[in-house]
**Q** 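My structure is below; once you've seen it, I'll send some questions.
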Amino acid sequence: MLIRTHTCGQLRDSDVGKSVRLNGWVNSYRDHGNLIFIDLRDRYGLTQLVFDKEDDKGGAMMEAADKLRNEDVVAVEGAVRVRIGGENPKLETGKVEVVVSKLEVLSKTANPPFIPDETQKLPNEELRLTHRYLDLRRPSMQKTLGLRHRVYQVTRRYFDENGFLEIETPVLYKSTPEGAREFLVPSRHVPGTFYALPQSPQLFKQILMVSGCDRYMQICRCFRDEDPRADRQAEFTQIDLEMSFVRRDQVMETMEGFVRRLWKEVCGVEVPPLKRMAYREAMEEYGIDRPDTRYDLRIRDISEFAGTLGFAIFDGALAKGKDRPRFNSKRGVVKAIRVPGGAEKLTRKLTDGYTEFVKTFGAGGVAVVKVVKGEDGAPKLDTGIAKFLEPKRADFIALMGCEIGDTVLFVADVYSVATKAIGELRQKVARDMGVVPKPGAEGGPWNFLWVVDFPMFERNKETGKWVAMHHPFTSPRDDQMQAFLDADVEDEVTIEGIVSAGYDIVLNGQEIAGGSVRIHDQAVQGKVFQLLGMTPEQAKEKFSFLLEALGYGAPPHAGIAFGLDRLVMNFVGTDNIRDVIAFPKTQTGADLMTRAPSTVPNSQLKDVHVQAIAPASPS
RNA sequence: GGGGCGGUAGCUCAAUUGGUUAGAGUACCGGACUGUCGAUCCGGUGGUUGCGGGUUCGAGUCCCGUCCGCCUCGCCA
């Protein structure tokens, strides 16, 4: 075989006159009969090859070149020369071409279902996933793989420089049925028992701290058997981290340093120090725990004012949970967003759609009012619920800070529903108004934010039981510790008010990392398990190893995990997670290329003491 | 588990109100062509309209079921 001396992205006019060998795929061919041009492609670029009948004495090479088609794999030898037909400015190698003197066809292709060509419209994703090896040949996919590689390398270097040890943890793990649904793996040795694939290596990394490893890092695969979305799939990658003998702010500083290094080295962006926002502020002003601060459109709680209007829909909402404390999930509230310029841009069709939109989050609808110019030139309220607001027009305009041309949108419901609905609505309105800047390439902002001071616990909507907001190993914030230990389990108000030492990094409205100071004290951990409704026996059965480890000298420790796929998505500028994973899965968890999952022979099931109850049709 | 969108030639798409032989571009095959770079020109092959059933004189089109893909609600400690 003619082993390459250069790659297809390498030759420049300074190489003219050299004899070279290239290997690669036929990216395109232009056959002029006695003159054939081939663009040869590899990971590094394209180089034009020329076959000239006059140079081919026997004619055999010309005959073979004539038969070359897209995606054939070839090796060639020839001389570099300046292009006779003029430069192609689209190619890095566009000034030169290789006049081929020897051609070796390494592999002929069958007619491919599609060619990895970016100038044409991409085929549908199903086909791209089925023939992923073809799709991955596309330059933009190669670029993404390269970017992801950069993220791995910068990550390892940064944490190595900061004294972190990279340690692998098991993939076959113990089932701890809390949180996400787990993937199960049956045991062959002990009939009827199962491993679970880890939702995260959370407990192992804590044990590593107890083991004296001090600082741990792993780029690890995590598994959560829940329905996917555009930005998540069941199998994903985390940058998992844990540190000993630190408090919250030290972890946050270290991780901020990582974010700064990563953005600097991957895309040359200087990230300023991250702002911090309390969970409560995020929920009140943005209606979500991962606020997108690239645009304003703050949410206002106008319950008090709304209660004076005599508007039945508002009154009905406000009557709910009247005696409950502020921010209680079942207390009725009225929330509003002022949309500057909305009177013109938010058409009736759009605002009607908002009602349908918020219904998906359980709210009844969206009330609308526009601030228009009255005959006297002063602001006047128009459309929607204007007639209910008109008597208190001045108060309303002052309260919301309205100007002519605004639209104000209202959602009234119990706190949890109204907050979620208007928070989602805020993001939709921002898109409709065209006020969401694109990050990255277009020079738009990267808005990073720490969100802190999450509640320790929240009520499960169905069961009414307490569940950990982050996870059950999250510590109360330092100043809350005593109150937590002293709290009566039945004291709902106190329990609800306990703030954790958790922290999330939010980027442009997306959670890219989440972590917390961990509990390193048996008694505190025991109390959390108790609150979560576990008897001491149940806690022991599930987490005895952790509780025991905490009893043998556990250092204070804290950690965080970054969603690596999401980091790469941001660098690539895609909102499709499958674009940044080499071999992704579909919404039903299928790998269209390998056709996983698949049935297995009964003998294999027998080995692991499992019987399929579903009538799996043999494929 | 729920809601929405989609599936027509290898690929990207078209096909009037249900109407007679389902078209185009591209790829592929054959031919021509010595400076192209989305080469060009001429000719040709290529269809279980995802699958199954129904309504109808007649279904790519309407109805029911089903499979697959995407988006989404729930879910994702």
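Protein chains get the first letters and strands the later ones, always in sequence-line order, with residue 1 at the start of each.
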**Q** NA contact type, A:D52, heavy-atom cut-off 4.0 Å: base, sugar-phosphate, or nothing?
**A**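 Result for A:D52 = base.
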**Q** Rounding to the closest angstrom, what is the interatomic distance between B:G60 and B:G53 at atom P?
**A**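 It comes out at 14 Å once rounded to the nearest Å.
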**Q** Do the side-chain N or O atoms of A:N124 get closer than 4.0 angstrom to the phosphate oxygens (OP1, OP2) of B:C11?
**A**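 For A:N124, the contact criterion (side-chain N or O under 4.0 Å from OP1 or OP2 of B:C11) is not met.
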**Q** Would you say A:K121 reaches B:C13's phosphate, i.e. side-chain N/O to OP1/OP2 under 4.0 Å?
**A**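 Checking A:K121 against B:C13: at least one side-chain N or O falls below 4.0 Å of OP1 or OP2.
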**Q** Phosphate oxygens OP1/OP2 of B:C33: is one of them under 4.0 Å from a side-chain N or O of A:K53?
**A**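 No.
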**Q** Between B:U56 and B:A15, how far apart are the two P atoms, rounded to whole Å?
**A**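 My reading of the P atoms in B:U56 and B:A15 gives 28 Å.
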**Q** Regarding A:R290 and A:E511, does a basic nitrogen lie under 4.0 Å from an acidic carboxylate oxygen?
**A**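 Salt bridge: no.
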**Q** Any idea which of B:C70, B:C11, B:C75 is nearest the A:D227 side chain?
**A**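 Nearest nucleotide to the side chain: B:C75.
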**Q** Across the strands shown, which category fits A:E97 at heavy-atom distances under 4.0 angstrom: base, sugar-phosphate, nothing?
**A**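 Here A:E97 touches the bases of the nucleic acid.
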**Q** If you assign each of A:L35 and A:F114 to its closest nucleotide in RNA chain B, which residue comes earlier from the 5' end?
**A**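 Residue closer to the 5' terminus by nearest nucleotide: A:F114.
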**Q** Tell me whether A:F357 at atom CZ has more than 12 heavy atoms from other residues, nucleotides or ligands lying less than 6.0 Å away.
**A**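 Yes, the 6.0 Å shell around CZ holds more than 12 heavy atoms from other groups.
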**Q** Taking the P atom in each of B:G54 and B:A59, what is the distance between them to the nearest angstrom?
**A**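 Going atom to atom, P in each nucleotide, I get 12 Å.
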**Q** Considering every strand and a 4.0 Å limit on heavy-atom distances, what is the contact class for A:T588: base, sugar-phosphate, or nothing?
**A**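 Contact class for A:T588: sugar-phosphate only.
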**Q** Only pairs with both distances under 3.5 Å count, Watson-Crick or wobble alike; so what is the partner of B:U66 in this structure?
**A**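 Check on B:U66: paired to B:G50, both distances under 3.5 Å.
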**Q** Taking 4.0 Å as the cut-off, does a side-chain nitrogen or oxygen of A:Y29 come that near to OP1 or OP2 on B:U40?
**A**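 For B:U40, OP1/OP2 do not have a side-chain N/O of A:Y29 under 4.0 Å.
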**Q** Report which part of the nucleic acid A:R128 touches: base, sugar-phosphate, or nothing (heavy-atom distance under 4.0 Å, all strands).
**A**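 No contact.
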**Q** How many Å lie between CG on A:D66 and P on B:U36, as a whole number?
**A**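 Taking atom P of B:U36 as the reference, CG of A:D66 is at 19 Å.
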**Q** How far apart are the C-alpha atoms of A:Y173 and A:Y195, what are their side-chain angles, what is the distance that settles it, and do they pass the ring pair (Phe, Tyr, Trp, His ring centres under 6.0 Å) test?
**A** CA-CA 5 Å; A:Y173 175 52; A:Y195 301 95; 9.9 Å; no
**Q** Rounded to whole Å, please give me the gap between CZ in A:F51 and P in B:G35.
**A**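 So the two atoms are 18 Å apart, to the nearest Å.
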**Q** B:G74, OP1 or OP2 - any side-chain N/O from A:K420 closer than 4.0 Å?
**A**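 Yes, such a contact exists.
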**Q** Establish, with yes or no, whether the OP1 or OP2 oxygen of B:C28 is under 4.0 angstrom from a side-chain nitrogen or oxygen of A:N111.
**A**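 A:N111 to B:C28 OP1/OP2: no side-chain N or O under 4.0 Å.
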**Q** Rounded to whole Å, please give me the gap between CG in A:D135 and P in B:C11.
**A**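 Distance, rounded to whole Å: 14 Å.
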**Q** Which base, if any, makes a Watson-Crick or G-U wobble pair with B:A24, both distances under 3.5 Å?
**A**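 Pairing partner: B:U12.
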**Q** Output yes when at least one side-chain N/O atom of A:R224 is less than 4.0 Å from OP1 or OP2 of B:C76, else no.
**A**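 No, because none of the side-chain N or O atoms of A:R224 sits under 4.0 Å from OP1 or OP2 of B:C76.
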**Q** Rounded to whole Å, how long is the line connecting atom CZ of A:F37 with atom C1' of B:G38?
**A**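 Going from CZ in A:F37 over to C1' in B:G38 covers 15 Å.
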**Q** Say you pick atom C1' in B:A14 and the same atom in B:A24; how far apart are they, in whole Å?
**A**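 The answer is 7 Å between these two C1' atoms.
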**Q** Just to be sure I understand the rule, does A:E126 reach a base, reach only the sugar-phosphate, or reach nothing, if contact means heavy atoms closer than 4.0 Å?
**A**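 Contact class for A:E126: sugar-phosphate only.
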**Q** What's the CD1-P distance between A:I577 and B:C71, to the nearest Å?
**A**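 Going from CD1 in A:I577 over to P in B:C71 covers 11 Å.
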**Q** Does any nucleotide pair with B:C41 by Watson-Crick or G-U wobble geometry, both distances under 3.5 Å, and what is it?
**A**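 B:G31 - that is the nucleotide pairing with B:C41, both distances being under 3.5 Å.
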**Q** Please classify the nucleic acid contact of A:L91 as base, sugar-phosphate, or nothing, using heavy-atom distances under 4.0 Å.
**A**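 The residue A:L91 makes no contact with any strand.
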**Q** May I ask you to evaluate whether A:Q120 reaches the phosphate of B:U12, defined as a side-chain N or O under 4.0 Å from OP1 or OP2?
**A**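 Negative; the distance criterion is not met.
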**Q** Looking only at side-chain N and O atoms, does A:R229 come under 4.0 Å of OP1 or OP2 in B:C73?
**A**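 Yes, such a contact exists.
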**Q** Which is true for A:R81 with a 4.0 Å heavy-atom rule: it touches a base, it touches only sugar-phosphate, or it touches nothing?
**A**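 Result for A:R81 = base.
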**Q** Hey, is the side chain of A:R83 pairing donor to acceptor with the base of B:C37 inside 3.5 Å?
**A**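 Check passes, donor-acceptor contact within cut-off.
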**Q** Quick one: are the ring centres of A:Y29 and A:F37 less than 6.0 Å apart?
**A**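 Centroid distance A:Y29-A:F37: not below 6.0 Å, so no.
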**Q** Would one find more than 12 heavy atoms of other residues, nucleotides or ligands at under 6.0 Å from atom CZ of A:R280?
**A**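 Yes, because the 6.0 Å sphere around CZ of A:R280 holds more than 12 heavy atoms from other groups.
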**Q** Using the C1' atom as the reference point in each nucleotide, state the distance between B:U61 and B:U49 in Å, no decimals.
**A**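 10 Å, rounded to whole Å.
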**Q** Verify, without hydrogens or angle tests, whether A:R578 (side chain) and A:D231 (backbone) share a donor-acceptor contact under 3.5 angstrom.
**A**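 No, A:R578 side chain to A:D231 backbone: no donor-acceptor pair under 3.5 Å.
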**Q** Counting distance only, does the side-chain N/O of A:T93 pair as donor-acceptor with the main-chain N or O of A:G9 below 3.5 Å?
**A**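 No, A:T93 side chain to A:G9 backbone: no donor-acceptor pair under 3.5 Å.
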**Q** Taking atom C1' in both B:G58 and B:G44, what distance in whole Å separates the two?
**A**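 Their C1' atoms lie roughly 33 Å apart.
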**Q** So, does the side chain of A:R232 form a donor-acceptor pair with the base of B:C75 at under 3.5 Å?
**A**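 Between B:C75 and A:R232, which were checked side chain against base, a qualifying N/O pair under 3.5 Å is present.
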**Q** In whole angstrom, give the distance that lies between atom CD1 of A:I36 and atom P of B:A32.
**A**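 Those two atoms, CD1 and P, are 12 Å apart.
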**Q** Looking across every strand, which nucleic acid part, if any, lies under 4.0 Å from A:F473 by heavy atom: base, sugar-phosphate, or nothing?
**A**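 Nothing, no heavy atom under 4.0 Å.
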**Q** OP1 or OP2 of B:G69 versus the side-chain N and O atoms of A:T586: is any pair under 4.0 Å?
**A**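 For A:T586, the contact criterion (side-chain N or O under 4.0 Å from OP1 or OP2 of B:G69) is met.
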**Q** Is A:G362 touching bases, backbone alone, or none of the nucleic acid, heavy atoms closer than 4.0 Å?
**A**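 Contact class for A:G362: none.
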**Q** Just N and O in the side chain of A:R69: are any of them under 4.0 Å from OP1 or OP2 of B:C29?
**A**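 True: A:R69 side-chain N/O within range (under 4.0 Å) of B:C29 OP1/OP2.
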**Q** Taking atom P of B:C28 as reference, at what distance in whole Å does atom CG of A:L68 sit?
**A**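 Rounded to whole Å, this separation is 12 Å.
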**Q** Going by ring centres under 5.5 Å and near-parallel planes (under 30°), is A:H32 stacked on B:A39?
**A**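 Here A:H32 meets both the 5.5 Å and the 30° conditions.
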**Q** How far, in whole Å, is B:G6 from B:G50 if one measures between their C1' atoms?
**A**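 About 11 Å, rounded to a whole number of Å.
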**Q** Under 4.0 Å between a Lys/Arg side-chain N and an Asp/Glu carboxylate O for A:R248 and A:D453?
**A**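 So A:R248 pairs with A:D453 through a salt bridge.
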**Q** Taking the nucleotide of RNA chain B with the nearest heavy atom to each, does A:K585 or A:I84 sit closer to the 5' end?
**A**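 Of the two residues, A:I84 wins.
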**Q** In a check of side chain to side chain donor-acceptor pair (under 3.5 Å) between A:E242 and each of A:Q202, A:R518, A:Q218, which one passes?
**A**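 The option that passes is A:R518.
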**Q** Between B:C71 atom C1' and A:Q233 atom CD, what is the distance in whole Å?
**A**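 Going from CD in A:Q233 over to C1' in B:C71 covers 16 Å.
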**Q** Roughly how far apart, to the nearest Å, are B:C57 and B:C64 at atom C1'?
**A**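 My reading of the C1' atoms in B:C57 and B:C64 gives 22 Å.
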**Q** Where the side chain of A:N88 is defined as all heavy atoms beyond and including C-beta, which of B:G69, B:C37, B:C71 is the nearest nucleotide?
**A**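 Nearest to the side-chain atoms of A:N88, counting from C-beta on, is B:C37.
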**Q** Could you check whether A:E125 gets within reach of a base, just the sugar-phosphate, or nothing at all, counting any heavy atom under 4.0 Å?
**A**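 It contacts sugar-phosphate atoms only.
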